[in-house]
Structures are given as structure tokens and as C-alpha cells.
Enquirer: 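Have a look at this one before I ask anything.
The structure displayed is predicted, hence computed values, not measured ones.
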Amino acid sequence: MEIFQKAFFTVSEDDSGVFSGYASKYNGVDSYGDTILPGAYADILASGKMPKMFFNHMTRDVPVGDWLEMEGREDGLYVKGQLDLTIPTARDIYHAMKAGRVDGLSVGIEVPDGGYELKDPEDWWSGYNISKVSDLREISICNFPADNMARIETVKADIDKIQTIRDIEKTLRDAGFSKAQAGAFIAATRQVLKRDMTEKALRDARDARLAAIKARIDHITEKLQ
């Protein structure tokens, strides 16, 4: 179930295109069940590198503005940005933000090995606790934050880096599948794999029985000779 949140930013009273708010809040639970822990952005903040600004994670488009400031606060990552109002899309976004029709922020992050762990080691679907972010590629203004704290949309690994079912789900989400579609695809795939494994086990068992019978017959034949 997706939980939609209201604004985590405030818009300036003038027409400068400036706004500020939380791009990510600690100790929330996103649509994957993941939680960003306090201090996860420490290395990002220390680097001074600013992410790009997009709308709805459309990273192939021209950025719609610039992030001017980032600050690690007790309850999350606080940012200040400015839309480039010479860009028509940015003007539309700004008017929608001021009218309250667009009201969310979402981050695109990379998490290194050792920067996360399953909440329940026995359940791949339990979600991860993320303790370290290695790269903050972009922060998007978005229509539907899927977390009641702040939407966290992790930038997915390349296909050759897929190690878990969760990696597959995130890769499908990155390719444009909805959470429900990705879940249905994975569930169907698991059923196919389970069926194939069962059939293989039955074939192996049958072959083992046939081999045992053949060995028995050969043994009896040798005695009769």
C-alpha cells in the first residue's frame, strides 16, 4: 500500500522560483519497506557535491533548476532549491507548487555494500535499514511521494549487479513498472522457477530410481551368468 504525503517544502512568496523543505526524512518507511537511518547522508554532505534537480525522476530531461543548499538536520535531509523559470516546464511546476497541486520531494540515491541490512534476515521482503548513502544523484520534485515521511527512490544497480529478489524489483521499478506490476512479475517468475525446480527434482528422483533398478538387474544378470 502506498501512503501519500503532503508537502515537505515551502515556496517563496515572490516569483524567484525558490523553495525549501525535506528531500528525505529519517526513520520513515518507503514503498519498498526501506528506512533511511540518521547520518546516512553524512558523506554526501561532507563532499559538498550538489545533486541535480528533475521532475518525477525524469533524468533524461533537462534539469528544471538547481539545488542551492543541503543541510543534515536531526530528522532528515533539508534542502533549498531554485527552479529555472526561463524553462517552460519549470514555470509550470512552480505554479503547480504554489497552488498545492505538486507537493513532494524524492531522492535518487546509491547505497554501497555494507551500507544496508535486511530488517528481518529471514524475510527478503522485510525492507532494508540504510545506514550509508554513497551517492545522491538527484532530488526530484514529484507528484506522489509514496512514504508518509518522504519518498525514497533508490537509483538501481546495473543488471549485472543484481544479487537478490529485491534488486530485481528495484530494477523493474526503475524501468517503469509500478510496484504492483513488479511484484506480480516476480511472483509469476518465482512460480515458474518453483515449478521447474520441482519438475527437475522429480526427473532426478526418477532417474535415480531407474539407475538403481538397472544396477539391480545387472547384478542379478551377473549372478545368473
Enquirer: Closest heavy-atom contact between L136 and I44?
Expert: N-CD1, 3.6 Å
Enquirer: Should M50 and F55 be regarded as members of a common hydrophobic cluster, given that ILVMFWY residues are connected when their side-chain heavy atoms come within less than 4.5 Å of each other, either directly or indirectly?
Expert: yes
Enquirer: State, without any angle test, whether D75 and Y22 hold a side-chain donor-acceptor pair at a distance under 3.5 Å.
Expert: yes
Enquirer: Work out which heavy atom in I36 is nearest to a heavy atom in S24; give both atom names and the distance.
Expert: CG1-OG, 4.2 Å
Enquirer: Only counting residues at least two apart or in another chain, list the ones meeting side chain to side chain contact (heavy atoms under 4.5 Å, CB included) with K49.
Expert: S47, D135
Enquirer: For residues E138 and M53, determine if any side-chain heavy atom of one lies less than 4.5 Å from a side-chain heavy atom of the other.
Expert: no
Enquirer: Please check if atom NZ in K119 has more than 12 non-hydrogen atoms from other residues, nucleotides or ligands closer than 6.0 Å.
Expert: yes
Enquirer: Return yes if some donor-acceptor pair links the side-chain N/O of W67 with the main-chain N/O of I139 below 3.5 Å, else return no.
Expert: yes
Enquirer: Is the shortest side-chain heavy-atom distance between L83 and F19 below 4.5 Å?
Expert: yes
Enquirer: Apply side chain to side chain contact (heavy atoms under 4.5 Å, CB included) to the pair I109 and R137, showing each step before the final yes or no.
Expert: CA-CA 6 Å; I109 63 177; R137 292 186 173 183; over 6 Å; no
Enquirer: To the nearest 0.5 Å, what is the distance between CE (M58) and SG (C142)?
Expert: 13.0 Å
Enquirer: Run the numbers on V64 and D84 for side chain to side chain contact (heavy atoms under 4.5 Å, CB included), then give the verdict.
Expert: CA-CA 6 Å; V64 294; D84 183 349; over 6 Å; no
Enquirer: Can you measure from CD1 (I141) to CD1 (I93) and round to the nearest 0.5 angstrom?
Expert: 5.0 Å
Enquirer: Report the C-alpha distance between N56 and S140 in whole Å, list the side-chain angles of each, state the deciding distance to 0.1 Å, and finish with yes or no for side chain to side chain contact (heavy atoms under 4.5 Å, CB included).
Expert: CA-CA 6 Å; N56 282 335; S140 282; 5.9 Å; no
Enquirer: Are a donor atom and an acceptor atom from the side chains of S20 and Y78 found within less than 3.5 Å of each other?
Expert: yes
Enquirer: List in chain and number order the residues that pass side chain to side chain donor-acceptor pair (under 3.5 Å) with D92, two or more places apart in sequence or in another chain; answer none if no residue qualifies.
Expert: none
Enquirer: Are any side-chain N or O atoms of S134 and backbone N or O atoms of E110, one a donor and one an acceptor, separated by less than 3.5 Å?
Expert: yes
Enquirer: Would you mind listing every salt bridge (charged side-chain N to carboxylate O under 4.0 Å, His left out) that reaches into residues 52-71, with sequence neighbours excluded?
Expert: E71-R73
Enquirer: Give me the atom names and distance for the closest heavy-atom approach of L105 to G21.
Expert: CD1-C, 4.2 Å
Enquirer: For I130 and A40, which heavy atoms make the closest approach, and how far apart are they?
Expert: O-CB, 3.9 Å
Enquirer: Apply side chain to side chain contact (heavy atoms under 4.5 Å, CB included) to residues L68 and V79 and explain how you reach the verdict.
Expert: CA-CA 8 Å; L68 308 175; V79 294; over 6 Å; no
Enquirer: What heavy-atom pair brings L85 and Y94 nearest, and what distance separates the two atoms?
Expert: CD2-CB, 3.9 Å
Enquirer: Quick check against the 3.5 Å criterion: does D34 have a side-chain atom that pairs as donor or acceptor with the backbone of Y128?
Expert: yes
Enquirer: Can you name the closest pair of heavy atoms from Y116 and V111 and give their distance?
Expert: CD2-CG1, 3.4 Å
Enquirer: Cluster question for you: counting only ILVMFWY and a side-chain heavy-atom cut-off of under 4.5 Å, with indirect links fine, are V107 and F54 together?
Expert: no
Enquirer: If I take atom NZ from residue K132 and atom OH from residue Y41, how far apart are they, to the nearest 0.5 angstrom?
Expert: 14.5 Å
Enquirer: Short question: side chain of T35, backbone of G28 - any donor-acceptor pair under 3.5 Å?
Expert: yes
